[in-house]
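Heads up, the thing below is written out as structure tokens.
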Amino acid sequence: MDATAASLLLDHHARNARDLPWRTSPRDPYRTWLSEVMLQQTTVATVTPRFLRFVERWPTVEALAGAADEEILGEWAGLGYYARARNLIACAREVALRGSFPRSEAELRKLPGLGAYTAAAVAAIAFGEDAVAIDTNVERVAARVFGIADRQAAGEAARGWFPEGRHGDFAEALMDLGSAICRPKAPNCAACPISSACTAFALGTPEAFPAPKVKKERPHRFGIAWWIRRGGDVWLVRRPAKGLLGGMAALPGPEWSDQRPTVNPVAIHRHGFTHFTLDLMVVPAAEPPEGEGWWQDLSHLGSAGLPTLYRRAAQAALAAEREPRLAA
DNA sequence: AACTCGTGGTA
DNA sequence: TTACCAAGAGT
């Protein structure tokens, strides 16, 4: 894409930019950072309501830095990729300690949770630096415009597109284009402002670019979740700070296994993770196991901060209590 | 460099 | 139902 096509894209974006709650005027570094971290591997539709809850509860990075870990992890529950929330907490406290966000891509890159993309995005969007933010949208658009199959190579080739002094606007223009028009499936080339500069469009096979990712097989694993009732409460625990669902509230249970356990569950909840499928057997137990935990009021289970796996497993157990014959 | 790490929407 | 994949980062 030449300077003319880049200009066409910026004009199109000026007229069609989505009105998103983190696009304030002027841009707020806190909102820019928070939204970019939430948007890592997560759709705008999913992020928007969660972002609004976060900024209502914690309007500034100082407020967020002052919150307890469990409060923030609980507010993140259901968003997935919980290392992001742990890094969010560490980053907020580091920023609060130093007084403000660093303003350069290089310094932002040193903060926890800010990788190559996010550091460049915050630098360009919030601080106006000419940093190049290459995300999966930019890679896909570039793969099609250049007719390059390789995602990463296409992304590198797109670096030359970014107009001087407008790197933030241009990154957002490319991302909006990628989500609304140059979609992975069924791209709407008829509405694309730069189709005349697009190799894949000229070839008539836009969906052929970029090359599909190689798929790995997803193994099956098994787990047990103890379902321990006392009156209107259920016993919950906090998972270890690192690893899968690290630091999150959970139903207690032993480590997951490759072998199906021989138990008598009231419910079996199947849950798909990125790299394996889990069958979680929910098994009634009389007493809490050794170790820390708390009784959670079942009428407030929705605000218990449970990740989706355990929220759904608990729902299945409750449904089985009401309709035992429909269990599992 | 390959693997880990969630979830929901869409076709 | 299955498969794909989204504003990636950390190790």
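What you see is a predicted model, and the numbers here were worked out from it, not measured in a lab. A note on names: the letters A, B, ... follow the listed sequences, proteins ahead of strands, and every chain is numbered from 1.
Between the side chains of A/Ser7 and A/Thr4, not a single donor N or O lies within less than 3.5 Å of an accepting N or O. A side-chain donor from one of A/Asp176 and A/His13 sits under 3.5 Å from a side-chain acceptor of the other. Defined by atom type and a distance below 3.5 Å, a donor-acceptor pair is present between the side-chain atoms of A/Thr118 and A/Gln40. Residues A/Glu321 and A/Trp227 bring a donor and an acceptor atom of their side chains to less than 3.5 Å of each other.
Residue A/Arg239 is classed as having no contact, given no heavy-atom separation below 4.0 Å to the nucleic acid. Residue-level contact check: A/Leu20 touches the bases, meaning some heavy atom is under 4.0 Å from a base atom.
In this view, A/Thr277 and A/Arg218, A/His220, A/Arg270 satisfy the side-chain contact (heavy atoms from CB on, under 4.5 Å) rule, not counting sequence neighbours.
Nucleotides B/dT4 and C/dA7, compared at atom P, are 24 Å apart to the nearest Å. If you take atom P in C/dA9 and the same atom in B/dG8, they sit 22 Å apart, rounded to whole Å.
Distance, A/Lys185 NZ to C/dA3 P: 12 Å, rounded to whole Å. One atom, NE2 of A/His275, and another, C1' of C/dC4, lie 17 Å apart when rounded to the nearest Å. The interatomic distance linking A/Glu207 (CD) with C/dC4 (C1') rounds to 12 Å, in whole Å. Across the protein-nucleic acid pair, A/Met175 atom CE and C/dC5 atom P stand 20 Å apart, rounded to whole Å. Atoms CG (A/Leu79) and P (C/dA6) sit 18 Å apart, rounded to a whole Å. As rounded to whole Å, 18 Å separates atom P of C/dA7 from atom CZ of A/Arg50. Rounded to a whole Å, the CZ atom of A/Arg140 is 16 Å from the P atom of C/dC4.
Separation of the A/Trp76 and A/Tyr81 ring centroids does not fall under the 6.0 Å cut-off. Taking the centre of each ring, A/Phe273 and A/Phe276 come in below the 6.0 Å mark.
Distance alone, capped at 3.5 Å, is enough to place a donor-acceptor pair between the A/Arg140 side chain and the A/Gly178 backbone.
Against DNA chain B, the stretch residues 300-308 of chain A makes heavy-atom approaches under 4.0 Å through A/Pro307, A/Thr308.
Both tests do not hold together for A/Arg50 against A/Trp22: distance to the six-membered ring centre under 6.0 Å, angle to the ring axis within 45°.
Interface limits on DNA chain B: the 5'-most and 3'-most nucleotides within less than 4.0 Å of chain A heavy atoms are B/dT4 to B/dG8.
Screening residues 283-316 of chain A for ring-ring contact (aromatic ring centres under 6.0 Å, His included), with sequence neighbours left out, gives A/Trp235-A/Trp295.
Between A/Leu301 and A/Gln296, the closest side-chain pair of non-hydrogen atoms falls below 4.5 Å.
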Just the atom pairs and distances: protein N or O near nucleotides 8-11 of chain C's N or O, under 3.5 Å.
from: C/dG8; atom 1: OP1; to: A/Thr136; atom 2: N; distance (Å): 3.3
from: C/dG8; atom 1: OP2; to: A/Gln41; atom 2: N; distance (Å): 3.1
from: C/dG8; atom 1: OP2; to: A/Gln41; atom 2: NE2; distance (Å): 3.2
from: C/dA9; atom 1: OP1; to: A/Gly115; atom 2: N; distance (Å): 2.9
from: C/dA9; atom 1: OP1; to: A/Thr118; atom 2: N; distance (Å): 3.0
from: C/dA9; atom 1: OP1; to: A/Thr118; atom 2: OG1; distance (Å): 2.7
from: C/dA9; atom 1: OP2; to: A/Ala116; atom 2: N; distance (Å): 3.4
from: C/dA9; atom 1: OP2; to: A/Tyr117; atom 2: N; distance (Å): 3.3
from: C/dG10; atom 1: OP1; to: A/Gly113; atom 2: N; distance (Å): 2.5

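Grouped with A/Leu203 in one hydrophobic cluster are A/Phe209, the linkage being side-chain heavy-atom contacts under 4.5 Å among Ile, Leu, Val, Met, Phe, Trp and Tyr residues.
Side-chain N/O atoms of A/Arg218 include none lying less than 4.0 angstrom from OP1 or OP2 on C/dA3.
Mapped onto DNA chain B by nearest heavy atom, A/Ala45 and A/Tyr82 fall at different nucleotides, with A/Tyr82 at the one closer to the 5' end.
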